[in-house]
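Structure, as C-alpha cells:
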Amino acid sequence: MPLTSVADRLRESMWRSANDKRLKRLRRVVDAMPATPPADLTALDMGSDTSLAGFLAAVGEAAGRELGLPPFPNQYQAAAALLRGASIELATGEGKTLVGAMAAAGWALQGRHVHVLTANDYLAARDADWMGPLYRGFGLTCGAVQAGQDLPERQRAYGADVTYSSVAEAGFDLLRDRLATHPNRRTGARREVVLVDEADAVLLDEARVPLVLAADAEPHRDEHAVALAAYVRGLEAGEDYVVAPDRRTVNLTDAGLRRVEADHPGRDLFGTDSEFLVSLNLALHAHAVLERDIDYLVADGRVWLVSGSRGRVDRLQRWPDGLQLAVEAKEALGSAPGLQVLDQLVVAELVGGYEQLVGMSATMRAADEELESLYGVQTVVVPSHLPCRRDDQPTRLYATSDQRDAAVAALVGEASGDGRPVLVATQSVRESERIAGLLRAVGLDCVLLNARNATEEAAIISEAGSAGRITVSTQMAGRGTDVVLSKDAAAAGGLLVVGVGRFASARLDGQLRGRAGRQGDPGESVFLASLEDRLVTDNDPDHPQPASVDGDGQVEENRANRRVLGVIDHAQRVSDGDQRSLRWLSWRYGELLRVQRAHLAGVRDTCLEGPAALERLAGHAGEEIAELGERVGQDALEAAARLALVAAIDATWSAHLGHAAELREGIHLRALAREDPLSEFEKEMGAAYQGLAEQILDDAVATLLDAPVVDGRLDLESLETRIPSATWAYTVTDNELGNDLTRIGRSLRRLMSKD
Ligand code: ADP
C-alpha cells in the first residue's frame with residue numbers, strides 16, 4: 001500500500017470501530033493532521049513525495065501526543081531516509097529509538113512486517129514498551145522476543161506488526177524455524193523488513209560470531225589433547241614460556257622450544273608436525289592464560305566461556321573447537337558429553353533472509369564502503385539537531401603502559417575533582433579490572449561496569465553522568481543507553497571520555513567518543529595510548545623509538561618524533577585492514593555453504609506437509625515402500641516418510657557442516673603452503689554437496705523401512721526420536737583465538753623463513 005492511502009486507511013479503520021476509545025483519540029490525531037506538513041517537513045526535500053510528508057506529519061503528531069516526544073527536524077529527516085531504503089548515521093543521543101519506530105510504523109502501515117534488531121534482550125523489551133503507544137495510536141501492534149520465551153509467546157511476538165528482538169534471538173529463531181518438524185512448530189516470523197540498530201557493530205564487528213544450535217552427542221575423549229594438557233603442566237612459567245603482561249597471550253621461549261623438541265624426538269615441529277605445535281600452543285594457552293571462573297565456567301560437565309569483551313554470561317559461548325578441546329582436557333573433562341552441531345548461521349545469513357535491510361548507528365559512515373559491498377546498504381548521514389560541542393582531543397602517546405596508566409589516573413582524578421563525570425573505557429574485562437584497581441589505589445572511587453546483566457548495565461550507564469562520577473567500562477558495555485548529564489555535571493564541562501589505548505579501528509574509537517557531547521551537551525574525549533599497547537605490538541612491532549619524552553613519559557610533539565607519533569594511526573590502519581580482510585574471507589568461506597543451506601532448506605520445506613516427502617522416497621525405492629504402504633495405509637506412510645526424510649536431511653546437513661569445519665581448519669594450516677585454499681575449499685564442499693541428495697534418500701528410505709510396525713500401525717513416535725532436537729543454543733567467540741591463530745601462523749612463518 002502506498003503511503004498516500006495511509007491516512008485513508010486510518011480513517012476507514014476508525015469508522016469501523018468508532019466506539020473504541022483509543023481510536024477516538026487517534027481520530028483527533030488524524031483530524032489534527034495539518035493539510036500541509038509542518039515547517040520542519042517542508043524544509044525536507046520531499047520532491048513529489050507528498051505521501052511520505054503526509055505520513056511523517058501524522059507520525060510526528062502521534063509521537064508528540066502518545067509519547068511526549070514531538071520529533072526534532074532531523075528525526076523526520078532520518079525517518080524519511082529509512083523509509084526510502086537508506087541506512088542512517090545519526091549521533092548518539094539524537095533519538096534513534098523514536099526514528100526507528102517512526103519508520104517501522106510507516107512500513108507496517110504499508111502492510112509489511114518489521115523486525116527491529118537491538119543489541120540485547122533488555123533493549124528489545126524496553127524499546128517495544130516505550131514505543132508501544134505510538135504503534136497502538138496507529139492501530140498497529142508490537143511485540144518483543146525475549147530469551148526463555150516458549151513457542152506460543154514467540155509466535156505472539158512475531159505475529160505483531162512490529163517485532164523487537166535481539167540479534168541473537170532473531171538468529172536462533174531462524175535456526176529453530178529451519179529445524180522445525182512441522183509448520184506449526186515455527187515462530188511464524190515473516191522476514192520482510194529488518195531494521196538493525198547499531199548496524200556497524202552488528203554487521204561488521206560481530207559478523208563472524210556464529211550462532212549455533214546443537215544436540216547432545218556421545219562423550220568424546222581426545223587422548224592427544226589430554227596428553228598435551230598433562231605435558232604443558234610440567235613446563236616452567238618464566239623459563240619455558242612467558243605470559244604477556246596483559247595476560248592475553250603466552251609464548252614459548254627459545255629454551256621452551258628446545259625443551260619441547262627434546263621431549264618429542266622424531267617430531268618435525270617446524271615442518272610436517274607444525275600442527276602439533278599449534279595444538280601445544282592451544283594447550284599452553286588453556287593452561288597459562290585462561291582461568292577457571294574468570295575466563296570460563298564449568299557447568300553441566302561442560303566448559304562455557306565468559307565473554308571477554310562483555311564480561312557476562314548472558315548467553316552460552318564456546319571457543320572454536322581446538323581451544324575448547326584444550327580447555328576441556330585441562331579440566332579433565334576429556335569424557336565430557338559432546339555436542340553435535342545441528343545448524344549454525346552468521347548475521348549475514350540472518351539479514352540476507354529479509355526483503356529489505358536498513359541500519360542505524362552513530363558510526364556508519366566510517367564503514368560505508370564495506371557495508372555497501374557486503375550488504376548492499378547505503379548510508380545517509382543525518383546532522384544532529386543541535387551542533388556538536390564535544391571536544392575530541394588528539395591522542396596522547398606514552399612510551400610505556402605504566403606511564404600511560406599513571407597519566408590516566410592523574411587525568412581522571414583532576415576531571416572528577418572538578419566535578420566532571422568521567423567514563424574510562426578499556427578493551428577487555430581484565431583491563432577494566434586492572435584500571436579500576438589502579439584508580440582505587442590512588443583514592444579515586446569508581447564504578448566498574450563489568451555487569452552481569454544488561455539491565456544493571458543500562459542503569460549504571462544512565463547514572464554515569466552525575467557530577468564527579470567515575471565509571472570504568474569495557475567498550476561493549478551498556479550499548480544503546482544514554483549518559484544523561486546532571487545540571488552540575490554539565491556546568492563543570494560535561495562528560496569526559498577517556499580511552500585507555502586506541503581500539504582496533506577508528507570506527508570503534510568513534511563509537512566511544514560518541515558517549516560524550518550528546519544533544520549539544522558539553523563534553524570531551526581523549527585517548528591515552530602507549531607504545532606497549534597490543535595494538536602497536538601486534539600491528540607495528542618494528543616501530544621507531546621516541547627521540548624524546550617529557551617528565552611523564554609522554555612522547556613530545558616535535559619534528560624528531562614525527563614518525564613515532566604516527567605509529568598508533570598506522571597500527572590502527574593495519575589492524576583495521578586485517579579485520580576487514582578477515583571479514584571478507586569468512587564471508588567468502590561462508591558463501592557457498594549459505595547457498596547450499598538455502599537450497600536444502602527449500603527442499604526440506606516442501607517435505608513438511610502433504611505427500612511430497614513420500615513421492616521423493618517412492619521415486620527412490622518404489623516397490624518396497626508400496627509394500628509397506630499396503631500394510632500401514634497411505635496416511636501413516638506419508639507421515640512416516642516426512643519424518644524419515646526430515647531426519648535424514650538434518651543429520652546429513654549436520655555432518656556436512658562438520659566436514660566443512662574440519663576442512664577449513666585443515667586448510668587454515670595448509671594455507672601456509674598452498675596458493676588458494678578458498679577455491680580448494682569450495683571445490684571440495686561443492687563436490688560433497690553433490691553427494692548429499694543420494695545419501696539423504698538412502699538414509700531416509702532405510703529409516704522408513706526400518707520403522708517398527710506394531711499391529712499394522714507404524715510407530716511414528718520412534719521415528720520422531722530419530723530427529724535430534726536442539727538442546728543447546730550458543731555463540732562461538734572469535735576474538736581471542738582468531739588473533740592467536742593468526743599470531744601462531746605468523747610466528748610459524750617467521751620460524752620457517754629463518755631456515
Ligand atoms: P540514541 O539511540 O540515538 O542514542 P535514544 O533513542 O536512546 O538515542 O534517545 C536518547 C534520548 O533522547 C532519550 O532520553 C529520549 O527520550 C530523548 N529523545 C529522543 N527523541 C526526542 C524528542 N523528539 N524530544 C525529546 N526528547 C527526545
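Whatever order the structure lists ligands and atoms in, that order sets their numbers, starting from 1. When a residue number appears, it is its place in the shown sequence, counting from 1. Given the structure is predicted, the values throughout are model-derived calculations rather than measurements.
Using a cutoff of 4.0 Å between basic side-chain nitrogens and carboxylate oxygens, Arg154 and Glu169 are scored as salt-bridged. Using a 4.0 Å cut-off between charged side-chain N and carboxylate O, Arg176 and Asp173 make a salt bridge.
Looking only at side-chain heavy atoms (C-beta outward), Asp368 and Glu89 stay at 4.5 Å or farther from each other. With a 4.5 Å cut-off on side-chain heavy atoms, Leu350 and Leu117 count as touching.
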*Worked check of salt bridge (charged side-chain N to carboxylate O under 4.0 Å, His left out) between Asp576 and Arg507*: CA-CA 9 Å; Asp576 202 17; Arg507 188 168 45 77; 5.5 Å; no
Write out each pair where an N or O from ligand 1 and one from the protein are under 3.5 Å apart, with the distance.
| unit_1 | atom_1 | unit_2 | atom_2 | d |
| --- | --- | --- | --- | --- |
| ligand 1 | 3 (O) | Gly95 | N | 3.2 |
| ligand 1 | 3 (O) | Lys96 | N | 2.9 |
| ligand 1 | 3 (O) | Lys96 | NZ | 3.0 |
| ligand 1 | 4 (O) | Gly93 | N | 2.6 |
| ligand 1 | 6 (O) | Lys96 | N | 3.3 |
| ligand 1 | 6 (O) | Thr97 | N | 3.0 |
| ligand 1 | 6 (O) | Thr97 | OG1 | 2.6 |
| ligand 1 | 8 (O) | Gly95 | N | 3.2 |
| ligand 1 | 12 (O) | Gln519 | NE2 | 3.0 |
| ligand 1 | 20 (N) | Gln75 | NE2 | 2.9 |
| ligand 1 | 23 (N) | Pro70 | O | 2.9 |
| ligand 1 | 23 (N) | Gln75 | OE1 | 2.8 |

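In this structure, Phe503 and Phe527 have perpendicular ring planes: the angle between them is above 60°, well past the 30° mark.
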